[in-house]
Number of protein chains: 2
Amino acid sequence: MTEAVSRPTLEAVAARAGVSRATVSRVVNGGDGVREPLVERVRRAVEELGYVPNQAARSLVTRRHDAVAVVIAEPEARVFADPFFALQLRGISKELTAHDSQLVLLLTEGPEDYARVGRYLAGGHVDGALVFSLHLDDPLPGLIRGAGVPTVFGGRPGWGDGPRGDGPTVYVDSDNRGGARDAVRHLVGLGRTRVAHITGPLDQTSAVDRLDGFRDVMVDADPRLIVEGDFTPAGGERAMRVLLDRCPEVDAVFAANDLSAAGALRVLRERGRRVPEDVAVIGFDDMLPVAEGADPPLTTVRQDIEEMGRLMARLLLRGLDRRGRDEDADPGPGKGLGGAPSSVVLPTTLIRRASA
Amino acid sequence: MTEAVSRPTLEAVAARAGVSRATVSRVVNGGDGVREPLVERVRRAVEELGYVPNQAARSLVTRRHDAVAVVIAEPEARVFADPFFALQLRGISKELTAHDSQLVLLLTEGPEDYARVGRYLAGGHVDGALVFSLHLDDPLPGLIRGAGVPTVFGGRPGWGDGPRGDGPTVYVDSDNRGGARDAVRHLVGLGRTRVAHITGPLDQTSAVDRLDGFRDVMVDADPRLIVEGDFTPAGGERAMRVLLDRCPEVDAVFAANDLSAAGALRVLRERGRRVPEDVAVIGFDDMLPVAEGADPPLTTVRQDIEEMGRLMARLLLRGLDRRGRDEDADPGPGKGLGGAPSSVVLPTTLIRRASA
DNA sequence: GCCCGATCCGGGAGCGCTCTCAGGCCGGCC
DNA sequence: GGCCGGCCTGAGAGCGCTCCCGGATCGGGC
């Protein structure tokens with residue numbers, strides 16, 4: 001039996017509805033300029049045959065793919081294990097779905113994969129890309145810009161804001177610096193005077209920005225109160241030990257993320273320090289269940305990760321739309337509302353729980 | 001400037017190399033049956049022009065897409081927040097990459113999205129699908145089978161093993177039941193007699209299987225020692241409280257996953273029970289950093305999640321290959337090695353840490 | 001009643017690729 | 001030396017769709 005169910009084509013639908021291919025195509029793509037009775041006939045034929053347009057054929061002529069690549073660089077177990085990307089993906093997925101776009105996931109295990117990603121993007125298989133690059137010196141972003149694909153970055157890329165090469169870099173990030181400031185101010189407001197900071201890995205902009213926020217408030221912080229961590233519980237433990245050894249009278253800790261805060265909490269308990277009475281602790285991310293599940297529950301800075309993802313997708317799609325329209329309509333100087341998308345920095349919220 | 005970089009076509013490469021399109025095509029697709037000097041000429045032309053095949057055009061005629069859909073149903077924050085899917089995705093991605101296939105991610109927010117997924121899969125946009133369905137009564141798997149796309153499931157689907165409708169269901173799972181048995185046996189071997197079980201949500205096969213494993217060993221377990229949890233720390237806390245109230249002399253707990261074990265640990269500490277002296281605790285998953293970071297570090301049952309993902313992809317791709325070959329070669333009764341792929345259940349390992 | 005414009009529909013080209021098929025070439029054998 | 005067969009190569013059709021453009025149809029205005 002020829003089980004190879006050859007799916008119905010436009011032609012078949014046209015035949016059944018007694019119209020031309022062109023008309024069916026018009027109906028399938030919105031139905032503008034086709035009179036009602038015909039539209040109805042075609043719709044029914046589509047329904048009856050279970051017609052689904054062949055995306056490959058469509059792409060071949062339209063040069064659109066209704067697909068967006070999401071590039072996540074170096075999903076080391078450590079990084080990938082936290083729910084961060086999962087939530088971003090969720091936000092991205094929602095937004096893309098709402099615009100009938102597909103999500104093509106590109107994970108890289110390291111620089112050896114970059115060429116593949118570059119080739120894929122340059123190959124024009126997708127309409128745009130959403131890129132997460134974690135490290136300051138990562139060559140991936142540059143490579144991707146080279147591919148000439150519309151791109152929105154997740155998190156402020158290492159080279160800072162502003163144009164570089166062709167056009168401005170568009171990214172979505174949360175207000176790491178501002179959030180850090182809020183956290184530290186809260187600790188200071190609690191009357192704490194020896195406020196320490198466990199940083200994240202300083203080759204990531206988020207960690208750098210949080211450190212900057214810390215410094216904004218603790219202008220002349222004792223450098224011994226700043227210890228580099230790595231966003232992991234183990235790193236948090238290490239840092240906390242260093243901190244307690246260096247400066248036993250520390251009375252507050254701002255950890256650059258919840259995971260390292262959890263590590264710090266453990267060491268504090270182990271060393272007999274009460275939280276928050278002896279040492280107040282604040283994290284960052286509001287990563288449930290880590291933050292809520294910590295003992296005591298963690299005061300932390302919440303960022304809306306899913307919203308970041310959604311926003312990235314939205315910016316990209318808007319850019320694509322604009323690009324499409326600009327083909328025929330000369331942009332002109334005053335291009336009214338909705339100009340080129342620009343970067344967005346989302347606000348953070350301090351979530352007060354028991355630890356501070 | 002016409003920045004709209006129209007990418008070079010086969011035609012262009014052919015012209016430059018002084019051969020026909022067909023020859024270029026042959027070279028690009030492996031170069032069989034083309035003499036060396038020509039191959040070289042074509043390769044150079046491809047290189048010089050930066051030619052990348054147009055996948056849409058190719059798919060149009062070959063009906064292959066070199067793309068696989070990964071369907072993850074209901075990424076509720078809770079479920080999606082754990083690294084489970086992230087690791088699976090990683091494994092899948094690695095395997096697909098090795099076979100030059102793309103990963104199209106389809107997330108659903110609930111049954112209202114199922115029609116969309118069904119349409120997409122039935123639309124023949126991908127060569128196959130990898131599907132994670134969590135709940136016993138989930139209509140998604142059935143829907144997907146209806147779409148007639150080669151599919152491999154992650155985790156044993158609710159309807160049990162064996163054929164249903166067209167062909168056998170292929171899935172990859174870890175040995176939940178066996179792992180649970182190992183865990184409980186370990187507790188018994190420690191001399192514990194009042195062993196309790198905090199289950200997962202019992203509408204998931206993994207939770208059911210782990211419960212079955214528990215019962216395999218504790219054949220006549222006091223039903224009061226089995227409390228339903230939901231794979232979350234909060235659920236673990238609730239269950240542990242119930243357990244301590246019902247049966248204060250409980251001396252061991254097998255939690256259906258690490259997250260609920262972590263919750264249980266917290267309640268035990270709160271109630272002044274020492275772990276493992278008074279109560280031994282074992283989890284499941286070996287979800288780092290939860291397990292390793294718990295206090296005390298959690299004895300747990302490890303499953304190789306990434307390997308599961310890799311295996312799913314491998315099974316699917318193998319099935320696709322086979323399908324492709326079977327077109328011309330009549331399968332015949334004795335089809336030698338590599339018959340139709342069948343389900344795989346991966347072994348688990350007991351990881352001994354401090355909690356038991 | 002006729003002409004003109006707007007509206008709607010169909011014909012047909014062609015997107016970039018693969019794949020079949022026929023023809024050309026070359027070597028070997030009688 | 002002629003013929004046959006095998007190996008390479010090129011010509012061409014066609015995958016399913018969109019979109020341009022020409023023709024048909026209809027209504028309105030003079």
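Because the structure is predicted, anything quoted here is derived from the model rather than measured. Letters go in sequence order (proteins before strands), and every chain restarts at 1.
One can place CG of Asp66(B) at 11 Å from P of dT18(C), the figure rounded to the nearest angstrom. The distance from atom CZ of Arg64(B) to atom C1' of dC19(C) is 16 Å, rounded to the nearest whole Å. Computed from coordinates, the Glu11(A) CD to dC15(D) C1' distance equals 12 Å when rounded to whole Å. The interatomic distance linking Arg63(A) (CZ) with dC19(D) (P) rounds to 12 Å, in whole Å. Distance Leu10(B) CG to dA11(D) C1': 15 Å, rounded to the nearest Å. Distance CG (Asp32(B)) to P (dT9(D)): 12 Å, rounded to an integer number of Å. Atom CG in Asn54(A) sits about 16 Å away from atom P in dC17(C), given to the nearest Å.
Each of dG16(D), dT9(D), dG16(C) was ranked by its minimum atom distance to the side chain of Leu38(B); first place goes to dT9(D). Considering only side-chain atoms of Thr23(B), the nucleotide from dG16(D), dG10(D), dG10(C) that sits closest is dG10(D). Picking from dG11(C), dG16(D), dC17(C) the nucleotide with the shortest atom distance to the side chain of Arg21(B) gives dC17(C). When distances run from any side-chain atom of Arg35(A) to the nucleotides dC8(C), dC17(C), dG16(D), the shortest one goes to dC8(C). Comparing dG16(C), dT18(C), dC17(D) by their nearest atom to the side chain of Arg58(B) picks out dT18(C).
Heavy atoms of other residues, nucleotides or ligands lying less than 6.0 angstrom from CD of Glu112(B) number more than 12. Counted within 6.0 Å of CD on Glu47(B), heavy atoms from surrounding residues, nucleotides or ligands total 12 or fewer; the atom is thus considered open.
Counting atom types as modelled, Arg26(A) pairs a side-chain N or O with a base atom of dG10(C) as donor and acceptor under 3.5 Å.
Between Arg7(A) and dG16(D) there is no side-chain N or O to OP1 or OP2 distance below 4.0 Å. Using a 4.0 Å cut-off, some side-chain N or O of Asn29(B) falls inside it from OP1 or OP2 of dT18(C). A sub-4.0 Å separation between OP1 or OP2 of dG10(D) and a side-chain N or O of Ser20(B) is present.
The CG atom of Asp127(B) lies 12.5 Å from the CZ atom of Arg63(B); values are rounded to the nearest 0.5 Å. Summarising the geometry, atom NZ belonging to Lys94(A) is positioned 5.0 Å from atom CZ belonging to Arg310(A); distances are rounded to the nearest 0.5 Å. Note that CG of Leu10(A) is 11.0 Å distant from CG of Leu49(A), once rounded to the nearest 0.5 Å.
Residue order along DNA chain D, read from the 5' end via each residue's closest nucleotide, puts Val34(B) first among Leu60(B) and Val34(B).
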